[in-house]
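Below you'll find the structure, written out as structure tokens, and then a few comments.
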Amino acid sequence: MRHFAIVGSGPAGFYTAEALEKAYGEKARVDILDRYPVPYGLIRFGVAPDHQSLKAVSKRYDKVAESAGVDFIGNVTIGRDVSVAELLELYDAVILATGAPHDRKLGIPGEELAGVVGSAEFVGWYNGHPDFADLDPPLGSTHAAVVGNGNVALDCARILAKNHHEFEGSDIVGHALEALDQSAIRTITILGRRGPHQIAMTPKELGELGHLEAAVPVVDLADFPPVEADEPLEPGLRKSVTLLRGFADLPPDKPKRMVFDFFAKPLRIEGDGKAERIVVEKTELDEKGSARGTGETYEVPASLVITAIGYSTSPIPDVPFEGGKFVNEGGRIADRLYAVGWARRGPTGTIGTNRPDGYEVADQVAAAMPSGTAGDRAGAEGLKRLLQSRGVMPTDYDDWRKIEETETARARPGSPREKFVRPEEWLQAIGR
Ligand SMILES: Cc1cc2nc3c(=O)[nH]c(=O)nc-3n(C[C@H](O)[C@H](O)[C@H](O)COP(=O)(O)OP(=O)(O)OC[C@H]3O[C@@H](n4cnc5c(N)ncnc54)[C@H](O)[C@@H]3O)c2cc1C
């Protein structure tokens, strides 16, 4: 019997488990470990609460967790409760699927001011991540800014722009909904260092902005190249740019505005003890398509500044780490140690992009240890003994189902669940 440990229960972890299950059947046991008793990583804590159809992918992961050869072991932090070296003693292979939970920094003066938050913090706050339950973002002034031109920036801007009842059917947590109800924000400026042709926003997410009840997206057509220049763009990007151009025709007849400010490079954030404005330099594209400052500066008022410019992985002791992710070649870090998902390739791609990653690494594992060859590692039994000796109480998949049932039972009408946002509440729900 082979024993495999996957560290992290987000999409990458689950696709890898699915692939290992298919490759080994009953000849292996696959344990998916997570620091939290609740699985699915960014499906729970990242994907926007008003995009429930995307979150439904977790049903597929449920099937994997329920299959005979796979177990979910929650409430265990690798690198703190147990080391990677210890896991390698207990398991034939260890696959790190720990994602990329930390915000990249802008690296400009004023970033430390109150009111400047990373998108992981802001998204975690409205999605019930325990680390950000107390974030309390300042929503009392009229102006906010989001720095970044990807879908995460759009998520943050849209959440700030929506009305109470536009959250019907979502699982936004109660504390965020209450705070947003009181929000005074009327202008949300979305800052991008380059132009409309360089965005990383997809048509579905952009299209939604044209149909918000209380907010209108605003663009300046002077930022766009001539329309013929859209022709050679990749079809998805062309569609996004066409949608952006179309925003210029929308009547500005709604109380909130989402202003796309292109060719705008933040230089510093200023304010008296808290963010009040961003000083921005106008840019242009150089020969290589990078942003080059023009020397012309202006101010964008913003008491809340959300930076959405990418993420990095958490290092784990003794695992080589560089450039915000684990050092790996095609997913292999070292003998019997692998990485998948965002921990492997950095924070890019959709949920589905993690599937080929997981399958590729599972193929490598199966090639190194063909199904049917013997292994003599202790697996989950050894891990649980070790954890017990350290006073760590792991949770299992049934515990998660209990937490989920309790969250479902306490949901507001029309909402699928009201998430617990504190670890002690999760443990209470399972009688600990
Ligand atoms: C704000 C946001 C919105 C997004 N929206 C979409 C979308 O609409 N559509 C789409 O296709 N994609 C979206 N994505 C991208 C998608 O979420 C990612 O592609 C995917 O979640 C990456 O999967 P992962 O398994 O690598 O990491 P994650 O999903 O981050 O999972 C990592 C897991 O590892 C666990 N972990 C971390 N460290 C440890 C440790 N030391 N010990 C134990 N466990 C640990 C974490 O608790 C977590 O469960 C979004 C991403 C973000 C940030």
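Numbers for residues simply follow the sequence, beginning at 1. All heavy atoms count here, side chains included; hydrogens, waters and symmetry mates do not. All ligand and atom numbering here is 1-based and tracks the order in the structure. Bear in mind the structure is a predicted one, so any value in this text is a computation, not a measurement.
For ligand 1, the polar-atom distance check against Y311 finds no nitrogen or oxygen pair separated by under 3.5 Å. Among the atoms of I351, some N or O lies under 3.5 angstrom from an N or O of ligand 1. For the pair W342 and ligand 1, the shortest N or O to N or O distance falls below 3.5 Å. By the 3.5 Å distance cut-off applied to N or O atoms, A343 is not counted among the residues near ligand 1. An N or O contact shorter than 3.5 Å links L42 to ligand 1 by distance. Remark: ligand 1 and D155 share no N or O pair separated by less than 3.5 Å (distance only, no angle test). Annotation: Y40 places no N or O atom under 3.5 Å from an N or O atom of ligand 1; distance criterion only.
No more than 12 heavy atoms of other residues, nucleotides or ligands lie within 6.0 Å of CD in E26, so this atom counts as exposed by the packing criterion. Applying the 6.0 Å contact sphere to CE of M1 captures more than 12 heavy atoms from other residues, nucleotides or ligands. For CG of D318, the number of neighbouring non-hydrogen atoms (other residues, nucleotides, ligands) closer than 6.0 Å is 12 at most.
In this structure a side-chain-to-backbone donor-acceptor pair under 3.5 Å is present from R194 to G289. The backbone N or O of A120 lies less than 3.5 Å from a partner atom in the side chain of D103, making a donor-acceptor pair. Without hydrogens or angle criteria, E166 side chain to E213 main chain gives a donor-acceptor distance under 3.5 Å. Side-chain atoms of D50 never come within 3.5 Å of backbone atoms of S170 as a donor-acceptor pair (strictly under, hydrogens ignored). A donor-acceptor pair under 3.5 Å is absent between the side-chain atoms of D398 and the main chain of D396, judged by distance alone. W342 places a side-chain N or O within 3.5 Å of a backbone atom of T348 that can act as its donor or acceptor partner.
Considering T350, I43, L54 only, the shortest heavy-atom separation from atom 9 (N) of ligand 1 involves L54. Between atom 31 (O) of ligand 1 and the options G10, P101, G8, the minimum heavy-atom separation is to G10. Heavy-atom proximity to atom 5 (N) of ligand 1, evaluated over D34, V152, V47, is greatest for V47.
Residue contact check for ligand 1: D357 places no non-hydrogen atom closer than 4.0 Å to it. The shortest heavy-atom distance from G79 to ligand 1 is not under 4.0 Å. Close to ligand 1: A97, with a non-hydrogen atom less than 4.0 angstrom away.
Cation-pi geometry between R2 and F4 is not met at under 6.0 angstrom from the ring centre and within 45 degrees of the axis.
In summary, the side chains of T202 and N151 do present a donor paired with an acceptor at a separation below 3.5 Å, with no hydrogens or angles considered.
Scanning the protein for heavy atoms near atom 27 (O) of ligand 1, the closest one is G99 CA, 3.4 Å. Atom 25 (O) of ligand 1 has A12 N, 2.9 Å as its closest protein atom, hydrogens excluded (heavy atom only). Atom 1 (C) of ligand 1 has as its closest protein heavy atom G46 O, 3.4 Å. Nearest protein heavy-atom neighbour of atom 45 (C) of ligand 1: R35 CD, 3.8 Å. Counting protein heavy atoms only, atom 23 (O) of ligand 1 is closest to P11 CD, 3.4 Å. In this structure, the protein non-hydrogen atom closest to atom 42 (N) of ligand 1 is I78 N, 3.0 Å. Looking from atom 20 (C) of ligand 1 to the surrounding protein, the closest heavy atom is N354 ND2, 3.6 Å. In terms of protein heavy-atom proximity, atom 37 (C) of ligand 1 is closest to T98 O, 3.3 Å.
A salt bridge does not link R29 with D92: every distance from a Lys NZ or Arg NE/NH1/NH2 to an Asp or Glu carboxylate oxygen is 4.0 Å or more.
Residue contact check: V76 has heavy atoms under 4.0 Å from atoms 42 (N), 43 (C) of ligand 1. Near Y36, with a cut-off below 4.0 Å to any heavy atom, the atoms of ligand 1 are 47 (O). Within ligand 1, the atoms closer than 4.0 Å to a non-hydrogen atom of T77 are 41 (N), 42 (N), numbered from 1 in the order shown. Within ligand 1, counting atoms from 1 as listed, the ones closer than 4.0 Å to a heavy atom of G41 are 29 (O), 31 (O), 48 (C), 49 (O).
For residues 423-432, no residue pair satisfies the side chain to side chain donor-acceptor pair (under 3.5 Å) rule, not counting sequence neighbours.
Under the 30°/60° scheme for interplanar angles, the aromatic rings of H129 and F132 are found to be tilted.
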Under 3.5 Å, which donor-acceptor pairs link side chains of residues 376-387 to any protein atom two or more places apart or in another chain?
residue: R377; atom: NH1; partner: L88; partner atom: O; Å: 3.2
residue: R377; atom: NH1; partner: E89; partner atom: O; Å: 3.4

